[in-house]
Amino acid sequence: MLHLDFSFLTSKLIHDYVLQGLIFSVVLTLIATVVGVAIGTLLALMRLSGRRWLDWPAAFYVNTMRAIPLVMILLWFFLLVPRITGLYIGAERSAVITFVAFEAALFAEIMRAGIQSVPAGQAHAGFALGMSYAQNMRLVVLPQAFRNMLPVLLTQVIALFQDTTLVYAIGAYDLLKGFENAGKVYGRITEAYLAVAVVYLAICFSLSYLVKRVHQKVAIIR
Amino acid sequence: MAMDWQVFCRDTLTSDLVSGCLGTSRDPTYLNWIIGAWGWTAAVSLSALLLALAVGSVIGVLRTLPNNPGWARFGNVWVELFRGIPLLVQIFLWYHVAPALFAPMKSLPSFVLVMLGLGFFTSARFAEQVRSGIQSLPRGQRQAGLALGLTQWQTYRYVLLPMAYRIVLPPLTSESMNLIKNSAVAFAVSIPELTQFAMQATEETSRPIEVYLAVTVLYIVTAGVVYLALHWVEQRTRVPGFAVGKREH
(Lines give C-alpha, C1' and ligand atoms only; values in the text may rest on other atoms or scores of the structure.)
Protein backbone atom coordinates (compact mmCIF):
# COMPACT_ATOMS: atom_id res chain seq x y z
CA MET A 1 0.00 0.00 0.00
CA LEU A 2 1.41 3.30 -1.07
CA HIS A 3 1.62 6.15 1.39
CA LEU A 4 -0.13 9.18 -0.06
CA ASP A 5 1.48 12.51 0.67
CA PHE A 6 -0.25 15.66 -0.51
CA SER A 7 2.08 18.04 1.34
CA PHE A 8 3.73 19.05 -1.95
CA LEU A 9 0.54 20.88 -2.93
CA THR A 10 1.54 24.28 -1.59
CA SER A 11 0.26 27.65 -2.75
CA LYS A 12 3.64 28.26 -4.39
CA LEU A 13 3.24 25.11 -6.46
CA ILE A 14 -0.32 26.06 -7.38
CA HIS A 15 0.98 29.44 -8.48
CA ASP A 16 3.96 28.06 -10.39
CA TYR A 17 2.35 25.12 -12.19
CA VAL A 18 -1.42 24.90 -11.85
CA LEU A 19 -2.67 28.45 -12.22
CA GLN A 20 -1.47 28.93 -15.79
CA GLY A 21 -3.16 25.67 -16.80
CA LEU A 22 -6.41 26.48 -15.01
CA ILE A 23 -6.57 29.89 -16.69
CA PHE A 24 -6.00 28.30 -20.10
CA SER A 25 -8.72 25.66 -19.52
CA VAL A 26 -11.23 28.30 -18.42
CA VAL A 27 -10.35 30.77 -21.20
CA LEU A 28 -10.50 27.98 -23.79
CA THR A 29 -13.95 26.97 -22.52
CA LEU A 30 -15.22 30.57 -22.53
CA ILE A 31 -13.94 31.43 -26.03
CA ALA A 32 -15.23 28.14 -27.47
CA THR A 33 -18.63 28.75 -25.84
CA VAL A 34 -19.11 32.37 -26.95
CA VAL A 35 -17.72 32.07 -30.48
CA GLY A 36 -19.06 28.51 -30.84
CA VAL A 37 -22.61 29.57 -29.97
CA ALA A 38 -22.38 32.49 -32.41
CA ILE A 39 -21.13 30.38 -35.33
CA GLY A 40 -23.40 27.51 -34.27
CA THR A 41 -26.44 29.77 -34.45
CA LEU A 42 -25.43 30.84 -37.96
CA LEU A 43 -25.03 27.16 -38.96
CA ALA A 44 -28.46 26.38 -37.47
CA LEU A 45 -30.03 29.23 -39.45
CA MET A 46 -28.33 27.92 -42.60
CA ARG A 47 -29.74 24.44 -41.94
CA LEU A 48 -33.25 25.83 -41.39
CA SER A 49 -33.11 28.30 -44.29
CA GLY A 50 -34.84 25.91 -46.69
CA ARG A 51 -32.19 26.69 -49.32
CA ARG A 52 -30.11 23.69 -50.37
CA TRP A 53 -26.96 25.66 -51.11
CA LEU A 54 -26.99 26.87 -47.49
CA ASP A 55 -28.40 23.75 -45.83
CA TRP A 56 -26.14 21.11 -47.38
CA PRO A 57 -22.72 22.65 -46.65
CA ALA A 58 -23.80 23.35 -43.06
CA ALA A 59 -25.13 19.80 -42.65
CA PHE A 60 -21.93 18.36 -44.11
CA TYR A 61 -19.79 20.43 -41.75
CA VAL A 62 -21.83 19.58 -38.65
CA ASN A 63 -22.06 15.85 -39.41
CA THR A 64 -18.36 15.55 -40.25
CA MET A 65 -17.33 17.24 -37.01
CA ARG A 66 -19.64 14.99 -35.01
CA ALA A 67 -18.47 11.79 -36.69
CA ILE A 68 -14.75 12.12 -35.88
CA PRO A 69 -13.15 11.72 -32.43
CA LEU A 70 -12.25 15.09 -30.96
CA VAL A 71 -8.66 13.92 -30.47
CA MET A 72 -8.36 13.34 -34.21
CA ILE A 73 -9.90 16.76 -34.94
CA LEU A 74 -7.30 18.34 -32.64
CA LEU A 75 -4.54 16.51 -34.51
CA TRP A 76 -5.99 17.51 -37.89
CA PHE A 77 -6.13 21.22 -37.01
CA PHE A 78 -2.69 21.11 -35.40
CA LEU A 79 -1.42 19.72 -38.69
CA LEU A 80 -3.44 21.72 -41.20
CA VAL A 81 -3.69 25.24 -39.78
CA PRO A 82 0.06 25.96 -40.01
CA ARG A 83 0.17 24.39 -43.49
CA ILE A 84 -2.69 26.49 -44.81
CA THR A 85 -1.81 29.78 -43.14
CA GLY A 86 1.94 29.27 -43.27
CA LEU A 87 2.21 30.43 -39.65
CA TYR A 88 3.35 28.39 -36.69
CA ILE A 89 0.71 29.14 -34.07
CA GLY A 90 1.57 26.76 -31.24
CA ALA A 91 -0.51 24.16 -29.44
CA GLU A 92 -2.57 26.59 -27.33
CA ARG A 93 -3.86 28.76 -30.17
CA SER A 94 -4.40 25.67 -32.31
CA ALA A 95 -6.52 24.24 -29.49
CA VAL A 96 -8.64 27.41 -29.35
CA ILE A 97 -9.32 27.30 -33.10
CA THR A 98 -10.16 23.58 -32.95
CA PHE A 99 -12.56 23.91 -30.05
CA VAL A 100 -14.35 26.87 -31.63
CA ALA A 101 -14.79 24.88 -34.86
CA PHE A 102 -15.86 21.70 -33.04
CA GLU A 103 -18.21 23.30 -30.53
CA ALA A 104 -19.84 25.35 -33.29
CA ALA A 105 -21.02 22.06 -34.81
CA LEU A 106 -22.42 20.80 -31.48
CA PHE A 107 -24.06 24.14 -30.61
CA ALA A 108 -25.54 24.23 -34.13
CA GLU A 109 -27.56 21.09 -33.40
CA ILE A 110 -28.70 22.45 -30.02
CA MET A 111 -29.70 25.79 -31.55
CA ARG A 112 -31.52 24.04 -34.40
CA ALA A 113 -33.61 22.15 -31.87
CA GLY A 114 -34.12 25.39 -29.95
CA ILE A 115 -35.32 27.34 -32.98
CA GLN A 116 -37.65 24.49 -33.94
CA SER A 117 -39.08 24.52 -30.41
CA VAL A 118 -40.42 28.05 -30.97
CA PRO A 119 -43.98 27.78 -32.34
CA ALA A 120 -44.24 28.75 -36.01
CA GLY A 121 -46.95 31.26 -35.10
CA GLN A 122 -44.30 33.41 -33.39
CA ALA A 123 -42.35 33.88 -36.62
CA HIS A 124 -45.56 34.37 -38.61
CA ALA A 125 -46.68 37.05 -36.15
CA GLY A 126 -43.31 38.77 -36.51
CA PHE A 127 -43.58 38.83 -40.30
CA ALA A 128 -47.20 40.03 -40.06
CA LEU A 129 -45.95 42.98 -37.99
CA GLY A 130 -43.67 43.87 -40.91
CA MET A 131 -40.39 42.71 -39.37
CA SER A 132 -37.54 41.70 -41.65
CA TYR A 133 -36.03 38.20 -41.39
CA ALA A 134 -33.13 39.57 -39.34
CA GLN A 135 -35.39 41.52 -36.99
CA ASN A 136 -37.69 38.54 -36.61
CA MET A 137 -34.80 36.26 -35.67
CA ARG A 138 -33.06 38.76 -33.38
CA LEU A 139 -36.15 40.05 -31.56
CA VAL A 140 -38.65 37.18 -31.63
CA VAL A 141 -37.29 33.72 -32.41
CA LEU A 142 -33.70 33.56 -31.10
CA PRO A 143 -34.40 34.97 -27.61
CA GLN A 144 -37.01 32.27 -27.06
CA ALA A 145 -34.80 29.59 -28.62
CA PHE A 146 -31.94 30.54 -26.26
CA ARG A 147 -34.22 30.44 -23.25
CA ASN A 148 -35.67 27.04 -24.19
CA MET A 149 -32.23 25.60 -24.80
CA LEU A 150 -30.41 27.24 -21.87
CA PRO A 151 -30.16 24.07 -19.72
CA VAL A 152 -28.94 22.00 -22.70
CA LEU A 153 -26.46 24.71 -23.71
CA LEU A 154 -25.06 24.89 -20.18
CA THR A 155 -24.80 21.11 -19.92
CA GLN A 156 -22.83 21.20 -23.16
CA VAL A 157 -20.52 23.83 -21.67
CA ILE A 158 -19.72 21.43 -18.79
CA ALA A 159 -18.99 18.66 -21.30
CA LEU A 160 -16.83 21.16 -23.22
CA PHE A 161 -14.87 22.02 -20.06
CA GLN A 162 -14.20 18.30 -19.55
CA ASP A 163 -13.25 17.85 -23.21
CA THR A 164 -10.58 20.55 -22.95
CA THR A 165 -8.38 17.91 -21.23
CA LEU A 166 -7.95 16.34 -24.68
CA VAL A 167 -5.54 19.13 -25.67
CA TYR A 168 -3.12 16.69 -24.00
CA ALA A 169 -2.85 15.11 -27.46
CA ILE A 170 -1.14 18.18 -28.95
CA GLY A 171 0.75 19.07 -25.79
CA ALA A 172 -1.05 22.28 -24.81
CA TYR A 173 -0.64 23.41 -21.19
CA ASP A 174 -4.02 23.04 -19.46
CA LEU A 175 -5.19 22.26 -15.92
CA LEU A 176 -4.41 18.55 -16.26
CA LYS A 177 -0.95 19.27 -17.63
CA GLY A 178 -0.28 21.72 -14.81
CA PHE A 179 -0.94 19.11 -12.14
CA GLU A 180 0.92 16.45 -14.12
CA ASN A 181 4.04 18.60 -14.47
CA ALA A 182 3.96 19.48 -10.77
CA GLY A 183 3.55 15.80 -9.89
CA LYS A 184 6.51 14.84 -12.05
CA VAL A 185 8.78 17.55 -10.66
CA TYR A 186 8.00 16.58 -7.06
CA GLY A 187 7.87 12.82 -7.75
CA ARG A 188 4.25 12.67 -6.58
CA ILE A 189 2.44 11.74 -9.80
CA THR A 190 -0.19 9.53 -8.11
CA GLU A 191 -1.24 12.31 -5.75
CA ALA A 192 -1.22 14.83 -8.61
CA TYR A 193 -3.67 12.77 -10.69
CA LEU A 194 -5.93 12.29 -7.65
CA ALA A 195 -5.82 16.03 -6.95
CA VAL A 196 -6.67 17.02 -10.50
CA ALA A 197 -9.58 14.54 -10.51
CA VAL A 198 -10.95 16.15 -7.33
CA VAL A 199 -10.57 19.64 -8.81
CA TYR A 200 -12.43 18.69 -12.01
CA LEU A 201 -15.12 16.88 -10.01
CA ALA A 202 -15.62 19.91 -7.76
CA ILE A 203 -15.86 22.32 -10.70
CA CYS A 204 -18.16 20.11 -12.79
CA PHE A 205 -20.37 19.17 -9.82
CA SER A 206 -20.87 22.84 -8.87
CA LEU A 207 -21.61 23.76 -12.48
CA SER A 208 -24.15 20.95 -12.90
CA TYR A 209 -25.81 22.07 -9.63
CA LEU A 210 -26.03 25.56 -11.12
CA VAL A 211 -27.57 24.16 -14.31
CA LYS A 212 -30.24 22.41 -12.23
CA ARG A 213 -31.08 25.73 -10.54
CA VAL A 214 -31.26 27.50 -13.92
CA HIS A 215 -33.44 24.67 -15.23
CA GLN A 216 -35.90 25.18 -12.37
CA LYS A 217 -36.02 28.92 -12.98
CA VAL A 218 -36.66 28.51 -16.69
CA ALA A 219 -39.25 25.83 -16.01
CA ILE A 220 -41.27 28.11 -13.71
CA ILE A 221 -41.59 30.83 -16.31
CA ARG A 222 -42.95 28.55 -19.00
CA MET B 1 0.06 18.60 -52.48
CA ALA B 2 0.28 15.18 -54.01
CA MET B 3 -0.75 12.25 -51.89
CA ASP B 4 1.28 9.10 -51.71
CA TRP B 5 -0.89 6.19 -50.67
CA GLN B 6 1.96 3.78 -51.21
CA VAL B 7 3.09 4.77 -47.75
CA PHE B 8 0.87 2.00 -46.42
CA CYS B 9 2.74 -0.60 -48.48
CA ARG B 10 6.05 0.24 -46.86
CA ASP B 11 7.84 -1.96 -44.37
CA THR B 12 7.67 -0.42 -40.87
CA LEU B 13 11.37 -1.05 -40.22
CA THR B 14 13.12 -0.57 -43.55
CA SER B 15 10.41 1.57 -45.22
CA ASP B 16 10.98 -0.42 -48.42
CA LEU B 17 7.98 -0.95 -50.67
CA VAL B 18 6.52 -4.41 -50.13
CA SER B 19 4.86 -6.04 -53.12
CA GLY B 20 1.25 -6.96 -52.40
CA CYS B 21 1.24 -4.38 -49.61
CA LEU B 22 0.79 -6.90 -46.80
CA GLY B 23 3.86 -7.98 -44.89
CA THR B 24 4.24 -10.81 -42.45
CA SER B 25 3.54 -10.71 -38.75
CA ARG B 26 7.29 -10.55 -38.07
CA ASP B 27 7.90 -8.00 -40.79
CA PRO B 28 4.76 -5.86 -41.00
CA THR B 29 3.90 -3.01 -43.34
CA TYR B 30 1.96 0.07 -42.29
CA LEU B 31 -1.14 -1.59 -43.73
CA ASN B 32 -0.67 -4.51 -41.30
CA TRP B 33 -0.15 -2.03 -38.50
CA ILE B 34 -3.26 0.04 -39.20
CA ILE B 35 -5.41 -3.11 -39.45
CA GLY B 36 -4.06 -4.23 -36.09
CA ALA B 37 -4.72 -0.76 -34.67
CA TRP B 38 -8.29 -0.93 -35.96
CA GLY B 39 -8.63 -4.26 -34.16
CA TRP B 40 -7.47 -2.63 -30.91
CA THR B 41 -9.98 0.19 -31.32
CA ALA B 42 -12.73 -2.36 -31.96
CA ALA B 43 -11.65 -4.53 -29.01
CA VAL B 44 -11.44 -1.61 -26.57
CA SER B 45 -14.78 -0.19 -27.77
CA LEU B 46 -16.67 -3.49 -27.77
CA SER B 47 -15.47 -4.68 -24.37
CA ALA B 48 -16.13 -1.26 -22.84
CA LEU B 49 -19.57 -1.23 -24.49
CA LEU B 50 -20.51 -4.57 -22.92
CA LEU B 51 -19.22 -3.46 -19.51
CA ALA B 52 -21.08 -0.15 -19.79
CA LEU B 53 -24.31 -1.90 -20.80
CA ALA B 54 -24.13 -4.30 -17.84
CA VAL B 55 -23.11 -1.76 -15.19
CA GLY B 56 -25.28 1.02 -16.65
CA SER B 57 -28.36 -1.20 -16.59
CA VAL B 58 -27.79 -2.21 -12.96
CA ILE B 59 -27.16 1.35 -11.81
CA GLY B 60 -30.11 2.64 -13.86
CA VAL B 61 -32.44 0.06 -12.29
CA LEU B 62 -31.09 0.77 -8.78
CA ARG B 63 -32.04 4.42 -9.18
CA THR B 64 -35.67 3.51 -9.94
CA LEU B 65 -36.24 0.98 -7.12
CA PRO B 66 -39.22 2.13 -5.06
CA ASN B 67 -38.81 2.58 -1.28
CA ASN B 68 -35.07 2.11 -1.50
CA PRO B 69 -33.42 5.51 -0.99
CA GLY B 70 -30.08 3.94 -0.06
CA TRP B 71 -29.61 2.21 -3.42
CA ALA B 72 -31.01 5.19 -5.29
CA ARG B 73 -28.47 7.43 -3.57
CA PHE B 74 -25.67 4.99 -4.41
CA GLY B 75 -26.76 5.14 -8.06
CA ASN B 76 -26.86 8.93 -8.03
CA VAL B 77 -23.37 9.18 -6.51
CA TRP B 78 -22.10 6.70 -9.13
CA VAL B 79 -23.50 8.77 -11.97
CA GLU B 80 -22.26 12.11 -10.58
CA LEU B 81 -18.80 10.66 -9.92
CA PHE B 82 -18.25 9.10 -13.33
CA ARG B 83 -19.81 12.02 -15.20
CA GLY B 84 -18.02 14.72 -13.21
CA ILE B 85 -14.44 13.73 -14.05
CA PRO B 86 -13.09 14.11 -17.60
CA LEU B 87 -12.57 10.79 -19.39
CA LEU B 88 -8.85 11.35 -19.89
CA VAL B 89 -8.38 11.99 -16.15
CA GLN B 90 -10.38 8.84 -15.37
CA ILE B 91 -8.15 6.84 -17.71
CA PHE B 92 -5.09 8.20 -15.87
CA LEU B 93 -6.70 7.28 -12.54
CA TRP B 94 -7.14 3.69 -13.69
CA TYR B 95 -3.75 3.47 -15.33
CA HIS B 96 -1.47 5.35 -12.92
CA VAL B 97 -3.32 5.73 -9.61
CA ALA B 98 -5.31 2.53 -9.11
CA PRO B 99 -2.32 0.14 -9.48
CA ALA B 100 -0.28 2.34 -7.12
CA LEU B 101 -3.00 2.17 -4.46
CA PHE B 102 -4.09 -1.45 -4.91
CA ALA B 103 -1.14 -3.74 -5.53
CA PRO B 104 -3.14 -6.61 -7.15
CA MET B 105 -4.10 -4.25 -10.00
CA LYS B 106 -0.45 -3.98 -11.04
CA SER B 107 -0.71 -7.30 -12.84
CA LEU B 108 -3.67 -6.17 -14.99
CA PRO B 109 -2.76 -5.42 -18.61
CA SER B 110 -3.35 -1.84 -19.73
CA PHE B 111 -6.09 -3.04 -22.09
CA VAL B 112 -8.19 -4.10 -19.08
CA LEU B 113 -7.54 -0.81 -17.28
CA VAL B 114 -8.64 1.22 -20.30
CA MET B 115 -11.70 -1.02 -20.69
CA LEU B 116 -12.61 -0.37 -17.05
CA GLY B 117 -12.08 3.38 -17.44
CA LEU B 118 -14.03 3.75 -20.66
CA GLY B 119 -16.71 1.27 -19.55
CA PHE B 120 -17.43 2.87 -16.17
CA PHE B 121 -17.35 6.37 -17.70
CA THR B 122 -19.96 5.30 -20.26
CA SER B 123 -21.94 3.29 -17.68
CA ALA B 124 -22.91 6.56 -15.97
CA ARG B 125 -24.34 7.84 -19.24
CA PHE B 126 -26.15 4.55 -19.95
CA ALA B 127 -27.51 4.49 -16.37
CA GLU B 128 -28.99 7.94 -16.89
CA GLN B 129 -30.72 6.77 -20.11
CA VAL B 130 -32.00 3.52 -18.56
CA ARG B 131 -33.36 5.40 -15.55
CA SER B 132 -35.22 7.92 -17.68
CA GLY B 133 -36.51 5.08 -19.88
CA ILE B 134 -37.97 3.22 -16.89
CA GLN B 135 -39.39 6.41 -15.40
CA SER B 136 -41.05 7.33 -18.69
CA LEU B 137 -43.27 4.23 -18.43
CA PRO B 138 -46.74 4.76 -16.95
CA ARG B 139 -46.84 3.98 -13.22
CA GLY B 140 -49.62 1.48 -13.89
CA GLN B 141 -47.16 -0.89 -15.60
CA ARG B 142 -45.25 -1.51 -12.38
CA GLN B 143 -48.44 -1.68 -10.33
CA ALA B 144 -50.03 -4.14 -12.76
CA GLY B 145 -46.95 -6.36 -12.62
CA LEU B 146 -46.95 -6.42 -8.82
CA ALA B 147 -50.74 -6.89 -8.70
CA LEU B 148 -50.37 -10.01 -10.88
CA GLY B 149 -48.18 -11.47 -8.15
CA LEU B 150 -44.86 -10.94 -9.89
CA THR B 151 -41.91 -10.24 -7.62
CA GLN B 152 -40.00 -6.97 -7.89
CA TRP B 153 -37.32 -8.70 -10.00
CA GLN B 154 -39.92 -10.37 -12.26
CA THR B 155 -41.71 -7.04 -12.75
CA TYR B 156 -38.47 -5.51 -13.98
CA ARG B 157 -37.50 -8.54 -16.06
CA TYR B 158 -40.84 -9.15 -17.83
CA VAL B 159 -42.73 -5.84 -17.67
CA LEU B 160 -40.58 -2.73 -17.22
CA LEU B 161 -37.21 -3.47 -18.83
CA PRO B 162 -38.48 -4.88 -22.16
CA MET B 163 -40.33 -1.63 -22.86
CA ALA B 164 -37.70 0.62 -21.28
CA TYR B 165 -34.89 -0.82 -23.42
CA ARG B 166 -36.94 -0.28 -26.56
CA ILE B 167 -37.52 3.33 -25.59
CA VAL B 168 -33.86 4.09 -24.82
CA LEU B 169 -32.35 2.22 -27.77
CA PRO B 170 -32.01 5.35 -29.96
CA PRO B 171 -30.15 7.38 -27.29
CA LEU B 172 -28.10 4.28 -26.41
CA THR B 173 -27.12 4.06 -30.07
CA SER B 174 -25.74 7.58 -30.10
CA GLU B 175 -23.97 6.99 -26.75
CA SER B 176 -22.40 3.85 -28.24
CA MET B 177 -21.11 5.88 -31.18
CA ASN B 178 -19.72 8.40 -28.69
CA LEU B 179 -18.01 5.51 -26.93
CA ILE B 180 -16.17 4.57 -30.13
CA LYS B 181 -15.01 8.15 -30.57
CA ASN B 182 -14.05 8.28 -26.89
CA SER B 183 -11.92 5.14 -27.26
CA ALA B 184 -9.40 7.44 -28.98
CA VAL B 185 -8.22 8.63 -25.54
CA ALA B 186 -6.60 5.20 -25.07
CA PHE B 187 -3.68 6.69 -27.04
CA ALA B 188 -2.63 8.43 -23.80
CA VAL B 189 -1.81 5.13 -22.07
CA SER B 190 -0.03 3.49 -25.02
CA ILE B 191 -2.75 1.18 -26.29
CA PRO B 192 -1.72 0.64 -29.95
CA GLU B 193 -5.14 1.72 -31.29
CA LEU B 194 -5.95 3.99 -34.23
CA THR B 195 -5.09 7.38 -32.70
CA GLN B 196 -1.82 6.05 -31.30
CA PHE B 197 -1.10 4.64 -34.77
CA ALA B 198 -1.88 8.03 -36.33
CA MET B 199 0.64 9.75 -34.06
CA GLN B 200 3.45 7.21 -34.41
CA ALA B 201 3.07 6.45 -38.11
CA THR B 202 3.05 10.20 -38.82
CA GLU B 203 6.36 10.59 -37.05
CA GLU B 204 7.92 7.67 -38.89
CA THR B 205 6.62 8.31 -42.39
CA SER B 206 6.19 12.13 -42.48
CA ARG B 207 2.95 11.43 -44.38
CA PRO B 208 0.41 12.84 -41.90
CA ILE B 209 -2.38 13.63 -44.39
CA GLU B 210 -2.60 10.07 -45.72
CA VAL B 211 -2.31 8.53 -42.26
CA TYR B 212 -4.88 10.86 -40.67
CA LEU B 213 -7.30 10.40 -43.58
CA ALA B 214 -7.12 6.61 -43.33
CA VAL B 215 -7.60 6.68 -39.55
CA THR B 216 -10.49 9.16 -39.80
CA VAL B 217 -12.25 7.04 -42.39
CA LEU B 218 -11.82 3.92 -40.23
CA TYR B 219 -13.38 5.70 -37.24
CA ILE B 220 -16.35 6.78 -39.36
CA VAL B 221 -16.74 3.25 -40.76
CA THR B 222 -16.62 1.73 -37.25
CA ALA B 223 -19.24 4.13 -35.92
CA GLY B 224 -21.34 3.44 -39.03
CA VAL B 225 -21.22 -0.32 -38.46
CA VAL B 226 -22.31 0.09 -34.84
CA TYR B 227 -25.11 2.41 -35.94
CA LEU B 228 -26.36 -0.11 -38.52
CA ALA B 229 -26.14 -2.98 -36.02
CA LEU B 230 -28.10 -1.17 -33.31
CA HIS B 231 -30.57 0.17 -35.88
CA TRP B 232 -31.14 -3.42 -36.99
CA VAL B 233 -31.76 -4.45 -33.38
CA GLU B 234 -34.20 -1.56 -33.06
CA GLN B 235 -36.12 -2.70 -36.14
CA ARG B 236 -36.12 -6.34 -35.07
CA THR B 237 -37.36 -5.67 -31.53
CA ARG B 238 -40.03 -3.17 -32.51
CA VAL B 239 -43.43 -4.06 -31.04
CA PRO B 240 -46.19 -3.37 -33.58
CA GLY B 241 -48.49 -0.71 -32.26
CA PHE B 242 -45.89 0.85 -29.94
CA ALA B 243 -44.14 3.48 -31.98
CA VAL B 244 -41.43 4.08 -29.39
CA GLY B 245 -38.50 6.22 -30.31
CA LYS B 246 -40.47 8.13 -32.89
CA ARG B 247 -40.83 11.69 -31.76
CA GLU B 248 -42.89 14.29 -33.51
CA HIS B 249 -41.53 17.76 -33.88
Would the number of heavy atoms belonging to other residues, nucleotides or ligands and lying under 6.0 Å from [atom1] of [X] be above 12?
| X | atom1 | answer |
| --- | --- | --- |
| E203(B) | CD | no |
| F205(A) | CZ | no |
| W56(A) | CH2 | no |
| Y227(B) | OH | no |
| W71(B) | CH2 | no |
| F6(A) | CZ | yes |
| Y209(A) | OH | no |

Gap between atom [atom2] of [Y] and atom [atom1] of [X] - 0.5 Å precision:
| X | Y | atom1 | atom2 | result |
| --- | --- | --- | --- | --- |
| C204(A) | R83(B) | SG | CZ | 10.5 Å |
| I203(A) | I85(B) | CD1 | CD1 | 12.0 Å |
| L194(A) | H96(B) | CG | NE2 | 12.0 Å |
| N178(B) | R66(A) | CG | CZ | 8.5 Å |
| L166(A) | L87(B) | CG | CG | 7.5 Å |

State, to 0.1 Å, how close A197(A) and L93(B) come at their nearest heavy-atom pair, and which atoms those are.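 Between these two residues, the closest heavy atoms are CB-CD1, 3.7 Å.
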Given that the side chain runs from C-beta out, which part of [X] has a heavy atom under 4.5 Å from chain A: side chain, backbone, both or neither?
| X | value |
| --- | --- |
| F187(B) | side chain |
| A198(B) | side chain |
| L194(B) | neither |
| M177(B) | neither |

Segment of [X] engaging chain B (4.5 angstrom heavy-atom cut-off):
| X | value |
| --- | --- |
| I158(A) | neither |
| A169(A) | both |
| T64(A) | neither |

If you apply the rule side chain to side chain contact (heavy atoms under 4.5 Å, CB included), what do you find for Y193(A) with Y95(B), and how did you get there? CA-CA 10 Å; Y193(A) 282 135; Y95(B) 192 76; over 6 Å; no
For chain B, which candidate among L201(A), I68(A), D163(A), T165(A) shows the most heavy-atom pairs at distances under 4.5 Å?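 Option with the greatest count: L201(A).
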Chain B interface, residue from L75(A), L176(A), I73(A), V71(A) that has the most non-hydrogen pairs under 4.5 Å: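 Going by pairs under 4.5 Å, I would pick L75(A).
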Indicate, with yes or no, if the rings of F92(B) and F179(A) have centres closer together than 6.0 Å.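 No, they do not, as the ring centres are separated by 6.0 Å or more.
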Among P208(B), A184(B), A98(B), single out the residue with the greatest number of heavy-atom pairs under 4.5 Å to chain A.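 With the most close heavy-atom pairs to chain A, the winner is P208(B).
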Take M72(A) and T195(B) through the side chain to side chain contact (heavy atoms under 4.5 Å, CB included) test and state the conclusion after the steps. CA-CA 7 Å; M72(A) 282 308 298; T195(B) 304; 4.1 Å; yes
